[in-house]
Amino acid sequence: MSAEAAAREAICRFGRSLYDRGLTPGSSGNLSVRLEGGRFLMTPTNAALGALDPARLSLVDANGAALAGDPPTKESFLHLAMYRERARSGAVVHLHSSHAVAVSCLADTDPAQVLPPITAYYVMRVGRLPLVPYFRPGDRDLADAVGALASRHHAVLLANHGPVVAGSTLEAAVHAIEELEETAKLHLLLRGAPVRRLSEAQLDELERLFPN
Ligand SMILES: [Zn+2]
């Protein structure tokens, strides 16, 4: 199987898995993979992640111009902003997952670190999660805001919208965004209760042993 055929199969397989577990509703959410030659495979616009056709995925260039397949997701520019700043990222996942979206709507969060470091796996897979200010759907300024954070963060949370996560592979990006969603759920469960966060020494140890 060629690298492109494998990427097409992986996007459909992970898309179905995310959709079937209720991690992004309706036709929300989009996945992409970097191919050779500055090309990218993206999920099409208005496509439910649970019913993707490998042959109809969108092939786009580095500027988002459609090369083949169905028209790409309207959020393709979010993915390209990540890839532009992260040369080693091979995949990007964006979801409208309930708990992360809920956290993105909270008024009292720290925009430099929206979720607290409460578990080691969250720190290892996501790290420090910044909040990107709100922009209306389709506003290209959102791509600039994501790009401004992307060189230092492989995961960002769009205010009143949802998470965007890059990874070396699609599997790594999916696992990281699932960890982010689970941590958002835990954070909401724990709201109002005194929480023991990981200490600075514990965070330093994780960052040293498991660099993002
Ligand atoms: Zn979105």
Side-chain angles (χ1 to χ4, degrees), residues 10-12 14-34 40-52 56-58 60 63-64 66 69-86 89 91-107 109 111 114-115 125-126 129-150 153-167 170 172-185 187-188:
I11 286 175
C12 295
F14 281 111
R16 172 169 290 285
S17 168
L18 292 164
Y19 183 86
D20 285 351
R21 287 178 293 143
L23 285 164
T24 205
S27 61
S28 69
N30 25 78
L31 279 58
S32 67
V33 168
R34 188 199 297 269
F40 301 87
L41 266 181
M42 303 243 177
T43 48
T45 184
N46 294 325
L49 294 190
L52 296 170
R56 294 180 57 181
L57 295 178
S58 316
V60 304
N63 297 314
D70 285 353
T73 165
K74 293 185 199 70
E75 298 182 307
S76 60
F77 60 93
L78 283 180
H79 295 243
L80 295 172
M82 271 286 190
Y83 289 122
R84 218 166 273 140
E85 298 296 326
R86 305 189 65 83
S89 288
V92 173
V93 179
H94 166 57
L95 301 177
H96 294 182
S97 50
S98 308
H99 299 90
V101 176
V103 167
S104 83
C105 300
L106 292 175
T109 48
V114 196
L115 285 170
R125 292 198 194 274
V126 178
L129 181 72
L131 186 71
V132 179
Y134 173 80
F135 292 90
R136 67 163 170 77
D139 188 336
R140 295 304 174 102
D141 287 347
L142 178 56
D144 293 339
V146 169
L149 291 163
H153 299 275
H154 70 289
V156 301
L157 187 62
L158 313 180
N160 305 77
H161 185 164
V164 182
V165 177
L170 185 58
V174 166
H175 287 174
I177 206 165
E178 290 188 21
E179 191 67 35
L180 191 163
E181 171 65 9
E182 286 303 309
T183 305
K185 185 175 174 181
H187 177 59
L188 295 170

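Please read all numbers here as calculations on a predicted model, not as lab measurements. Whatever order the structure lists them in is the order used to number ligands and atoms, beginning at 1.
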Worksheet item: So do His187 and Val114 actually touch side chain to side chain, heavy atoms under 4.5 Å?
Response: no
Which pairs of donor and acceptor atoms, one on a side chain in residues 18-30, lie under 3.5 Å apart (sequence neighbours left out)?
unit_1 : atom_1 : unit_2 : atom_2 : d
Arg21  : NE     : Ser17  : O      : 3.1
Arg21  : NE     : Ser17  : OG     : 3.3
Arg21  : NH1    : Glu178 : OE1    : 3.2
Arg21  : NH2    : Ser17  : OG     : 2.9
Arg21  : NH2    : Glu178 : OE2    : 2.7
Thr24  : OG1    : Ser28  : OG     : 2.8
Thr24  : OG1    : His96  : N      : 2.9
Ser28  : OG     : Pro25  : O      : 2.5
Asn30  : OD1    : His79  : NE2    : 2.7
Asn30  : ND2    : Thr73  : OG1    : 3.1
Asn30  : ND2    : Glu75  : OE1    : 2.9

Practice prompt. Output, by chain and residue number, all protein N/O/S atoms separated from the Zn ion (ligand 1) by less than 2.8 Å.
Written response: Glu75 OE1, Glu75 OE2, His94 NE2, His96 NE2, His161 NE2
Worksheet, complete the sentence: So CG of Leu142 and CG of Leu78: to nearest 0.5 Å the spacing works out to 5.0 Å
Discussion item. With a sphere of 6.0 Å drawn around CZ of Arg16, does it hold more than 12 non-hydrogen atoms of other residues, nucleotides or ligands?
Written reply: no
Worksheet item: Distance from Leu157 atom CG to Leu149 atom CG, nearest 0.5 Å?
Response: 11.5 Å
Worksheet item: Is it true that a side-chain atom of Arg34 and a backbone atom of Ser89 form a donor plus acceptor pair closer than 3.5 Å?
Response: yes
